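Since this is a predicted model, take the numbers as computed values, not measurements. The first residue in the sequence is number 1, and the count goes up from there.
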Amino acid sequence: TANPTSTTSYTVTGTDANNCVNTAPTTVTVNALPNVAATSTVMCAGSPSTLFATGASTYVWSPATGLNSTAASSVAANPSTTTAYTVIGTDTHGCQNIATLTVTVIPLPTVTVTPQTTSGCVPLCVNFSSTSSSNGNCSWSFGDGGNSTACSASHCFMIQGNYSVQLTVTDTNGCAASSTASVAVYPVPKADFSVTPQPTTILDNTIHFYDLSSGANITTWSWNLGN
């Protein structure tokens, strides 16, 4: 058994039963192991990161947890928790070497949005408060084109409609999470009525009032006839 650390030439001498001798040369070529390299990375939970291996011809990654492939020089990793990976690289001579790396997974911030009120008539001004598990930058989208970067914000809705208000918090690691709240803004009814007959005379003194109000789903009326 030969296990030289570098390429070595050997000579073997053989002697038969008649004491005849001959020699044969042989060379054991020692190929250097491939210099397999892979770099650890940090990612936000749910945001895949690409892992790269270099220095060999083919690669096998393990464990398979969170990987889109286990046999490529670059693979997409999306583990749910911090995971250590091993990549075995094989060169064209069949020689193998190993590299290890760690994918550190940072949890997303937990975000909660609480509106002071969730419905009302135009114009509806709402104070929004928020809580987050991480300090970071806040970005509000109020659903009507308005926005804010204050972590506790106020906004006035000037047009009727149903609005989805979203707060996105980006922490110091660049990881972002969002929370939404719904706000319903109702139109203000426009009061109007008509009177018959026109003109009114003492000869026809029964007056009829007809509601012509519009602009909302009106459910109650209150008349003041001045008497």
Which pair of heavy atoms, one from Pro109 and one from Ser133, lies closest together, and at what distance? CA-OG, 3.3 Å
State, with a plain yes or no, whether a side-chain heavy atom of Val165 is found less than 4.5 Å away from one of Phe157. yes
ring-ring contact (aromatic ring centres under 6.0 Å, His included) pairs, two or more places apart, involving residues 22-75: none
Considering residues at least two apart in sequence or located in another chain, which fulfil the disulfide bond (SG atoms under 2.5 Å apart) criterion with Cys121? none
So do Asn78 and Met43 actually touch side chain to side chain, heavy atoms under 4.5 Å? yes
What's the separation between atom CG in Leu51 and atom OG in Ser40, rounded to the nearest 0.5 Å? 9.0 Å
Between Ser130 (side chain only) and Cys151 (backbone N and O only), is there a donor and an acceptor less than 3.5 Å apart? yes
Between Gln166 and Ser164, is there a side-chain heavy-atom distance shorter than 4.5 Å? no
Does Asn35, at its CG atom, have more than 12 non-hydrogen atoms belonging to other residues, nucleotides or ligands within less than 6.0 Å? no
If you draw a 6.0 Å radius around CG in Leu225, do more than 12 non-hydrogen atoms from other residues or ligands fall strictly inside? yes
Run the side-chain donor-acceptor check on residues 9-20: report pairs under 3.5 Å with partners two or more places apart or on a different chain.
| residue | atom | partner | partner atom | Å |
| --- | --- | --- | --- | --- |
| Ser9 | OG | Thr27 | OG1 | 3.3 |
| Asp16 | OD1 | Asn18 | N | 2.9 |
| Asp16 | OD1 | Asn19 | N | 3.2 |
| Asp16 | OD1 | Cys20 | N | 2.8 |

So, do Asn68 and Val75 sit near enough that their side-chain heavy atoms are less than 4.5 Å apart? yes
Provide the closest heavy-atom pair for Pro34 versus Gly89 in the form atom of the first, atom of the second, distance. CG-O, 3.9 Å
Does anything in residues 161-217 form a disulfide (SG to SG under 2.5 Å)? List the pairs, not counting sequence neighbours. Cys44-Cys175
Give a yes or no on whether the backbone of Ser119 and the side-chain of Thr117 come within a donor-acceptor separation of less than 3.5 Å. yes
Please work out which of the three classes, parallel, tilted or perpendicular, describes the rings of Phe128 and Phe142, given edges at 30° and 60°. tilted
Side-chain donor/acceptor pairs under 3.5 Å, residues 80-87, sequence neighbours excluded:
| residue | atom | partner | partner atom | Å |
| --- | --- | --- | --- | --- |
| Thr82 | OG1 | Val105 | N | 3.1 |
| Thr83 | OG1 | Thr81 | O | 2.8 |
| Tyr85 | OH | Thr65 | O | 2.5 |

Would you mind listing every side-chain hydrogen bond (donor to acceptor under 3.5 Å, both in side chains) that reaches into residues 135-154, with sequence neighbours excluded? Asn127-Ser154, Asp144-His155
Does atom CD1 of Ile159 have more than 12 heavy-atom neighbours, drawn from other residues, nucleotides or ligands, at distances under 6.0 Å? no
Taking every heavy atom of Thr8 against every heavy atom of Pro4, the minimum-distance pair comes out as OG1-CB, 3.5 Å
Minimum heavy-atom distance between Thr168 and Ser178, given as atom pair plus value: OG1-OG, 2.7 Å
If you group Ile, Leu, Val, Met, Phe, Trp and Tyr by side-chain heavy-atom gaps below 4.5 Å, do Val60 and Leu67 land in one group? no
Keeping to residues at least two apart or across chains, list the ring-ring contact (aromatic ring centres under 6.0 Å, His included) pairs with something in residues 166-206. Phe193-Trp223
side-chain hydrogen bond (donor to acceptor under 3.5 Å, both in side chains) contacts in which one or both residues fall within residues 199-211, not counting sequence neighbours: Asp211-Ser213, Asp211-Trp221
Side chain to side chain contact (heavy atoms under 4.5 Å, CB included) partners of Ser57, counting only residues at least two apart: Thr92
Please tell me whether Leu124 and Val122 are part of a single hydrophobic cluster in this structure, the criterion being side-chain heavy atoms less than 4.5 Å apart. yes
Would you list the pairs meeting side-chain hydrogen bond (donor to acceptor under 3.5 Å, both in side chains) in which at least one residue belongs to residues 93-110, sequence neighbours left out? Thr90-Gln96
Ala38 to Ala99 - nearest heavy-atom pair and separation: N-CB, 4.0 Å
Take Thr7 and Thr29 through the test side chain to side chain donor-acceptor pair (under 3.5 Å) and record every step on the way to the result. CA-CA 4 Å; Thr7 298; Thr29 302; 4.7 Å; no
Rounded to the nearest 0.5 angstrom, the CD1-CG distance for Ile106 and Asp171 is 7.0 Å
With sequence neighbours excluded, tell me which residues meet side chain to side chain contact (heavy atoms under 4.5 Å, CB included) with Thr114. Thr112, Ser129
Quick one: closest heavy-atom pair of Pro48 and Gly46, and the distance? CD-O, 3.4 Å
Can you check side chain to side chain contact (heavy atoms under 4.5 Å, CB included) on Leu167 and Cys138, steps first, answer last? CA-CA 7 Å; Leu167 168 64; Cys138 296; 3.8 Å; yes
Which residue pairs satisfy the disulfide (SG to SG under 2.5 Å) criterion with at least one member in residues 56-102, sequence neighbours excluded? none
